[in-house]
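Both backbone and side-chain heavy atoms feed into the values below; hydrogens, waters and symmetry mates do not.
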Amino acid sequence: TIDKGENHNIKKGMAVSTNAGLIGKISKTTKTTSEVKLLTTDDITFKVSVVIRSNDKEHYAILNGYDENNNLLKVSAIDKNTELNKGDVVLTSGLGQIPKGIYIGEVEKTEIDKYNIGKTIYIKPHQDFNNIKYVTILKGTN
């Protein structure tokens with residue numbers, strides 16, 4: 001919960017970041033406070049459109065999970081033949097309410113999904129989600 005709300009023009013869906021990158025988005029507001037739903041949530045309906053930059057190519061996908069045991073974000077909807085490398089940069093895609101180009105993290109590892117159709121990508125976020133002191137609310141371009 002943060003100490004800014006509707007009185008400060010904060011609205012549901014706005015992106016929330018730190019100097020280390022995107023950490024979540026506003027999920028609920030009151031006149032004077034807002035709740036931030038973190039990227040580490042276990043809510044399966046929480047999704048963020050991302051782009052992975054690899055070898056001068058951009059691959060679009062959906063960030064929609066968290067591996068709590070390894071502290072890695074999960075990204076899906078990538079074709080299994082897509083070549084990605086450890087260290088490839090992951091940014092917001094600009095689709096939806098979140099502005100384009102906000103840093104999220106780097107590819108840590110990839111796995112073929114259980115249906116052998118696509119890949120699950122594990123992202124190492126730059127932000128320590130157990131140590132968040134200051135945040136910035138991004139209003140976007142919409």
Side-chain angles (χ1 to χ4, degrees), residues 1-68 70-115 117-142:
T1 301
I2 60 172
D3 64 349
K4 302 289 185 223
E6 295 162 7
N7 291 346
H8 303 92
N9 295 319
I10 306 298
K11 295 179 178 67
K12 183 177 176 181
M14 288 181 165
V16 182
S17 70
T18 67
N19 61 351
L22 185 74
I23 61 164
K25 53 187 175 179
I26 300 295
S27 62
K28 186 177 175 183
T29 61
T30 69
K31 295 281 185 205
T32 57
T33 64
S34 297
E35 287 183 19
V36 178
K37 188 169 281 194
L38 297 174
L39 297 177
T40 57
T41 183
D42 62 0
D43 180 349
I44 61 171
T45 65
F46 183 80
K47 299 176 188 314
V48 175
S49 179
V50 299
V51 62
I52 302 169
R53 292 193 177 150
S54 180
N55 299 325
D56 296 327
K57 293 184 180 175
E58 292 187 342
H59 307 281
Y60 289 82
I62 304 294
L63 189 149
N64 65 340
Y66 183 65
D67 177 350
E68 194 173 332
N70 297 301
N71 296 319
L72 298 173
L73 301 168
K74 292 198 286 189
V75 172
S76 62
I78 293 274
D79 183 90
K80 74 176 183 176
N81 297 316
T82 301
E83 288 294 323
L84 297 172
N85 302 298
K86 183 175 180 174
D88 287 345
V89 173
V90 181
L91 307 166
T92 57
S93 71
L95 300 174
Q97 199 169 356
I98 297 178
K100 181 178 182 174
I102 303 170
Y103 182 81
I104 295 174
E106 295 180 356
V107 172
E108 182 67 21
K109 65 179 182 172
T110 65
E111 292 177 353
I112 300 293
D113 69 20
K114 63 183 177 182
Y115 304 108
I117 296 173
K119 286 184 178 178
T120 300
I121 314 302
Y122 293 89
I123 307 301
K124 182 176 183 173
H126 189 63
Q127 176 64 49
D128 175 0
F129 284 87
N130 294 312
N131 188 19
I132 299 171
K133 296 199 183 329
Y134 299 100
V135 301
T136 301
I137 310 302
L138 305 171
K139 292 188 178 181
T141 57
N142 298 353

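- Between N70 and Y122, every side-chain heavy-atom pair lies at or beyond the 4.5 Å cut-off.
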Steps toward side chain to side chain contact (heavy atoms under 4.5 Å, CB included) verdict (Y66, K74): CA-CA 5 Å; Y66 183 65; K74 292 198 286 189; over 6 Å; no
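- For the residue pair F46 and G24, the shortest heavy atom distance occurs at CZ-CA, 4.4 Å.
- With rounding to the nearest 0.5 Å, the separation of CG in L39 from OG in S17 is 10.5 Å.
- No more than 12 heavy atoms of other residues, nucleotides or ligands lie within 6.0 Å of NZ in K57, so this atom counts as exposed by the packing criterion.
- At most 12 non-hydrogen atoms from other residues, nucleotides or ligands lie less than 6.0 angstrom from CD of E68.
- Between atom CG of residue L22 and atom CD1 of residue I102 there is a gap of 5.5 Å, rounded to the nearest 0.5 Å.
- Between the side chain of D79 and the backbone N or O of N81, at least one donor-acceptor pair lies under 3.5 Å.
- Side-chain atoms of L72 and I123, non-hydrogen and from C-beta on, never get closer than 4.5 Å to each other.
- Considering CG of N130 and OG1 of T40, their distance stands at 8.0 Å, rounded to 0.5 Å.
- I2 is listed as a side-chain neighbour of I26, based on a closest heavy-atom distance under 4.5 Å.
- Smallest separation of non-hydrogen atoms from P99 and A15: CD-CB, 4.0 Å.
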List the steps, then state whether side chain to side chain contact (heavy atoms under 4.5 Å, CB included) holds for E108 with K86. CA-CA 5 Å; E108 182 67 21; K86 183 175 180 174; 3.4 Å; yes
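- Judged by distance alone, the side chain of S34 and the main-chain N or O of K4 form a donor-acceptor pair under 3.5 Å.
- Here OG1 of T41 is found 11.0 Å from NZ of K25. Values are rounded to the nearest 0.5 Å.
- No side-chain heavy atom of N71 sits less than 4.5 Å from a side-chain heavy atom of F129.
- Salt bridge status for K119 with E111: absent, with no side-chain N to carboxylate O gap under 4.0 Å.
- Distance check, rounded to the nearest 0.5 Å: CG of L63 to OG1 of T92 gives 10.5 Å.
- Taking 4.5 Å as the limit, every side-chain heavy atom of D88 sits out of range of all side-chain heavy atoms of I121.
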I'd like to know whether H59 forms a side chain to side chain contact (heavy atoms under 4.5 Å, CB included) with S54, so could you lay out the CA-CA distance, the side-chain angles of the two residues, the decisive distance to 0.1 Å, and finally the verdict. CA-CA 8 Å; H59 307 281; S54 180; 4.2 Å; yes
Quick one: do V36 and I132 satisfy side chain to side chain contact (heavy atoms under 4.5 Å, CB included)? Show the steps, please. CA-CA 12 Å; V36 178; I132 299 171; over 6 Å; no
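- Contact of the I98 side chain with the L138 side chain is not registered, since no non-hydrogen atoms from C-beta on lie closer than 4.5 Å.
- Distance alone, capped at 3.5 Å, places no donor-acceptor pair between the N64 side chain and the K47 backbone.
- Here the rule is side-chain contact (heavy atoms from CB on, under 4.5 Å) with P125, and of V90, L73, I23 only L73 fits it.
- The CD atom of E106 lies 10.0 Å from the CG atom of L91; values are rounded to the nearest 0.5 Å.
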Is there a side chain to side chain donor-acceptor pair (under 3.5 Å) between K11 and N9? Walk through the geometry before answering. CA-CA 6 Å; K11 295 179 178 67; N9 295 319; 4.9 Å; no
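- Within 6.0 Å of CG on N19 lie no more than 12 heavy atoms contributed by other residues, nucleotides or ligands.
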